[in-house]
Asks: 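Pasting a structure below so you can have a look.
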Amino acid sequence: ATSDYRQSLQFQHLNEEKQNIQVEVIRGGKRVGASIFDLVVGDVVPLKIGDQVPADGVLISGHSFAIDESSMTGESKIVHKDQKAPMLMSGCKVADGYGSMLVTGVGTNTEWGMLMANLSEDIGEETPLQVRLNGVATLIGIVGLSVAGVVLVVLWIRYFTGHSNNPDGTTAFVAGTTGAKQGFMGAISIFTIAVTIVVVAVPEGLPLAVTLTLAYSMRKMMRDKALVRRLSSCETMGSATTICSDKTGTLTLNKMTVVEAYLSGTKLNPCDNTGMMSSSVASLLVEGIAQNTAGAVFSPENGGAAEVAGAPTEKAILSWGLKIGMNFNDVRSKSSVLRVLPFNSVKKCGGVAVQVSDTYVHIHWKGAAELVLASCKSWFSIDGSVHPMSSDKYNELKRSIDDMAMSSLRCIAFAYCTCELTMVPREDLDKWQLPDDNLTLLGMVGIKDPCRPGVRDAVQLCSAAGVKVRMVTGDNVETAKAIAFECGILNAKDVASETTIIEGKVFREMSETAREEVADKITVMGRSSPNDKLLLVQALKRKGHVVAVTGDGTNDAPALHEADIGLSMGISGTEVAKESSDIIILDDDFTSVVKVVRWGRSVYANIQKFIQFQLTVNVAALVINVVAAVSSGAVPLNAVELLWVNLIMDTLGALALATEPPTDNLMKRHPVGRREPLVTNIMWRNLFIQALYQIAVLLVFNFDGKRIFQLHNESREHADKIKNTFVFNAFVFCQIFNEFNARKPEEKNVFGGVTSNRLFMGIVGITTVLQILIIEFLGKFFGTVRLGWKLWLLSVAIGAVSWPLAYVGKSIPVPARPFQDYLKHCCAWRRPRRRDEEQGGKS
């Protein structure tokens, strides 16, 4: 009950973290970060594509602003918002454009709040591993019930036919002599023996162990900057065979700065030196930077340094604009925006139309350098004159882009064109398609986004663990290749293969069969759209991979949903991406993704440790009691003793083994396959060795204990109590010592890191102390007697033998083929043979 209560508190805390969305608010003319819980009526909140509307409000300004209201209305239709229809509802998603809203209602006073007040989130989710373990527990329970039923029938037959004896040696039941009450009580005591067998056999601790492991892992993963939204993802992540990762912000720091610039076809040195450039070109460039952006610049009234807000790429460009003399507010005030096309992940560019006079409109474009360059028909020279784009000039500029890309720079180009105001439609302005086929190139910049510290080591760790890391990015192929080399995703051998590095468009245009064939070989995909990422995930899954995908954009939602494990970014990720993901990486760092893999493998490994430990106890206790009951009519382990053993192996055992922290060895194994058995051959070997040892030794003491302990002078009843107490004590110490063996099923050194797990050491210590108290002071309740120091030493020695036994046993090789397959093969072989015999008989 305590464990369930703690688990519910844990899930409640995780749900609160999940709902604590960070938003931007304009206060005092400045953009600041705030929690959704800190919003107040009257706040102005900037919104962009992918954001969740944090409160009820009114749209006060916006461009191409569209909302997905399906979460409130149930209709998947995208609703465009403007001054005629400005109302925004909390909980809806921004589908397109950007704008600002004035908050009119927060918390339970919003439409979403009133709806959610009547609902509660379901946290009773059962994971696939829990379902599998419930199946295992049910199967073992059925076996236990069957054995208990057989034992009950055998003992009742022995009892009522006069073959059972009392502790003093007299016959327990004599027909015609024994009274009805005495006979009934004897039958009830036999029924109690059968119940104890059932208690031992049913492994009700298995589901508890999963719950404890998941709750413990989820809490620890929060410290490692990973918020688990779906329980099943903890387990699945341990089986991941490939990770399709974004570049920007995940493998890189997402702290961008302009380090190279080409204006008027000339490289600037340094990159903000525009002194030799024509003022007309400079003013056009500054106008494009200031107007074609979703970012903002805040200039303090006291004359301090300007503060730049927005997405990392926008901040880098705006910061560079300030260095080349841009006055953000002044430039924006000189022209009025007519139409905005926000950056599009398919076109890889964004545009804006601004009215600069009563007759002319400037249309500015900004985006992926090679795509913008392809749309340019002319370029500006240093003196401000316009020249047609010749093939030689195009190739020269293309080489400049490639040079920047090979230096792992993100290349952005600026271009513009003019049109007459009469060409602009007066009605349905939102449907006007901005001209983009006859542009004049203004300039290009190279933006540096350095790799995150530790990413190279994390990638190498994944490779050693059998997890292939693939980079899927919207950047130029050459930029992606350079970053992939820097991160260790690519090496010299990979470059020799043409299919290792591919462009999204090429992959998209392949047939489904061809995509499946090439998917395994792809390491880097450049210039990819979100749909290309989805196609790659689908192809990899069809090939049998367990796929993890990172994503931050709204358009990443289908790939995040399709993947076995969707990992969204906590800082740069949109709310749509987070809602579609299974785990949120709170610091956007790839090293945190690798930590999630470690914890996923740890969950699976800890469950296997507990299964090995519990099945050993189950098999040993079941065989000892059944053999003793059938042969002598009495059991050495009574109901109360077995309940104590059950407590050791269920609750305390689960606590001790389910909270083992992940080790480095976990990342040296290959991922666990989807259909690999839960109980491996190594576990079967360890289980049989320990169980056979315990059964053999304890049955010897059960049947010949009186002679071994020289109890001939004791009364029969007292001698039986001493013998049974010793068997119980030795059995418990076998489990205490075997708990250490269960920590490392595959390693000979079972003591590595044991002192660092204080909970494990505490539980072992508490179990030992309680066992001493039970034998020495609680004999009346448990039906035991005090033991002499020699028998205490012998009990401990019998338990301690399990350590060297496990050490030697781990030298025994096991076949690679799972033990269960041999059983299936035998069953499959017998079935046709029986069918042939039946057919032969008929003929």
Side-chain angles (χ1 to χ4, degrees), residues 49-50 242-252 313 342-350 367-375 398 401-402 404-406 408-413 436 447 449 468-485 487 489-490 494-495 497-543 545 547-563 566-567 569 577 580:
I49 185 169
T242 185
I243 300 172
C244 298
S245 175
D246 283 343
K247 177 185 76 69
T248 306
T250 308
L251 296 168
T252 61
T313 307
F343 179 84
N344 186 294
S345 59
V346 176
K347 292 186 72 174
K348 305 292 182 189
C349 59
E370 71 270 25
L371 300 180
V372 172
L373 179 62
S375 299
K398 187 71 172 64
I401 294 170
D402 290 341
M404 285 193 285
M406 287 177 186
S408 69
L409 302 183
R410 171 177 279 190
C411 308
I412 305 291
D436 62 353
I447 301 174
D449 186 13
K468 185 177 177 66
V469 180
R470 306 168 200 270
M471 181 197 289
V472 184
T473 177
D475 275 353
N476 183 302
V477 173
E478 293 299 328
T479 305
K481 189 197 294 186
I483 290 287
F485 269 115
C487 295
I489 294 172
L490 275 181
D494 293 327
V495 179
S497 170
E498 291 181 6
T499 52
T500 299
I501 304 161
I502 196 168
E503 196 169 333
K505 184 182 177 183
V506 176
F507 184 72
R508 190 187 319 145
E509 290 172 353
M510 290 180 176
S511 66
E512 189 174 304
T513 309
R515 282 199 294 267
E516 276 188 46
E517 288 176 3
V518 82
D520 255 341
K521 302 172 187 174
I522 294 173
T523 305
V524 174
M525 185 184 286
R527 282 287 174 248
S528 67
S529 68
N531 191 53
D532 298 333
K533 185 188 284 189
L534 176 62
L535 291 173
L536 178 62
V537 170
Q538 290 171 339
L540 289 169
K541 284 183 72 176
R542 284 195 294 270
K543 292 287 283 183
H545 285 282
V547 186
V549 167
T550 70
D552 53 12
T554 301
N555 291 334
D556 287 327
L560 289 168
H561 187 265
E562 178 70 22
L567 302 154
M569 300 297 112
S580 302

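For the single chain, residues carry numbers from 1 onward in sequence order.
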Asks: Mind running side chain to side chain contact (heavy atoms under 4.5 Å, CB included) on Val549 and Asp556 for me, showing each step along the way?
Replies: CA-CA 9 Å; Val549 167; Asp556 287 327; over 6 Å; no
Asks: Take Lys468 and Arg470, measure what side chain to side chain contact (heavy atoms under 4.5 Å, CB included) needs, and give me the verdict at the end.
Replies: CA-CA 6 Å; Lys468 185 177 177 66; Arg470 306 168 200 270; 3.5 Å; yes
Asks: Can you tell me how far the CD1 atom of Ile401 sits from the CE atom of Met404, to the nearest 0.5 Å?
Replies: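 The CE atom of Met404 is 6.0 Å from CD1 of Ile401, to the nearest 0.5 Å.
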Asks: Over all heavy atoms of both residues, which pair between Ser580 and Ala557 is shortest? Give the atoms and the distance, please.
Replies: OG-CB, 3.3 Å
Asks: Which atom pair, heavy atoms only, marks the closest approach of Lys541 to Glu562?
Replies: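 That closest heavy-atom pairing would be NZ-O, 2.8 Å.
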Asks: What's the shortest heavy-atom distance between Ala405 and Ala482, and which atoms?
Replies: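 What the structure gives for the nearest pair is O-CB, 3.6 Å.
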Asks: With the threshold set at 4.0 Å, does a side-chain nitrogen-carboxylate oxygen contact exist between Arg410 and Asp449?
Replies: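 Here Arg410 does not pair with Asp449 in a salt bridge, since their nearest N and O are not under 4.0 Å apart.
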Asks: Would Met510 and Glu517 count as a side chain to side chain contact (heavy atoms under 4.5 Å, CB included) if you check the C-alpha gap in whole Å, the side-chain angles of each, and the deciding distance to 0.1 Å?
Replies: CA-CA 10 Å; Met510 290 180 176; Glu517 288 176 3; over 6 Å; no
Asks: Going by side chain to side chain contact (heavy atoms under 4.5 Å, CB included), Lys481 matches just one of Thr500, Val524, Leu490. Which one?
Replies: Leu490
Asks: Short question: side chain of Arg508, backbone of Asp532 - any donor-acceptor pair under 3.5 Å?
Replies: no
Asks: Distance check, rounded to the nearest 0.5 Å: Ile522 atom CD1 versus Thr242 atom OG1?
Replies: 10.5 Å
Asks: Ser245 versus Leu251: any side-chain heavy-atom pair under 4.5 Å?
Replies: yes
Asks: Closest approach of Ala577 and Gly551, non-hydrogen atoms and distance?
Replies: CB-O, 4.5 Å
Asks: Would you say Leu371 and Ser375 make side-chain contact, with heavy atoms under 4.5 Å?
Replies: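 Not in contact.
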Asks: Please round to the nearest 0.5 Å and tell me the distance separating atom CG of Leu567 and atom OG1 of Thr550.
Replies: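 Atom-to-atom, Leu567:CG and Thr550:OG1 are 7.0 Å apart.
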Asks: Does some side-chain heavy atom of Thr479 sit less than 4.5 Å from a side-chain heavy atom of Leu409?
Replies: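 In short, these two side chains do not touch, never coming nearer than 4.5 Å.
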Asks: Any donor and acceptor pair, going by atom type alone, linking the side chain of Thr252 with main-chain N or O of Lys247 inside 3.5 Å?
Replies: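 Looks like yes, one N/O pair under 3.5 Å.
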Asks: Is a donor on one side and an acceptor on the other found under 3.5 Å between the side chain of Ser528 and the backbone of Thr473?
Replies: yes
Asks: Any heavy-atom pair between the side chains of Thr248 and Met569 that's under 4.5 Å?
Replies: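 Not touching, per the 4.5 Å side-chain cut-off.
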Asks: Nearest 0.5 Å, please: how far is CD in Glu509 from CD in Glu503?
Replies: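 CD of Glu509 is found 9.5 Å from CD of Glu503.
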Asks: Nearest 0.5 angstrom please: Cys244 SG to Lys533 NZ, how far?
Replies: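 Answer for the SG-NZ pair, Cys244 versus Lys533, is 8.0 Å.
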Asks: With the threshold set at 4.0 Å, does a side-chain nitrogen-carboxylate oxygen contact exist between Arg527 and Glu370?
Replies: yes
Asks: First locate atom OG1 of Thr313, then atom CZ of Phe343, and finally report the distance between them rounded to the nearest 0.5 Å.
Replies: 8.0 Å
Asks: Can you see which heavy atom on Ala563 is nearest to which on Val547, and at what distance?
Replies: CB-O, 3.7 Å
Asks: Between Leu540 and Asp520, does the side chain to side chain contact (heavy atoms under 4.5 Å, CB included) criterion hold? Intermediate values first, please.
Replies: CA-CA 7 Å; Leu540 289 169; Asp520 255 341; 4.2 Å; yes
Asks: If every non-hydrogen atom of Val469 is compared with every non-hydrogen atom of Ile489, which pair is closest and at what distance?
Replies: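 Result for this residue pair: O-CG2, 3.5 Å.
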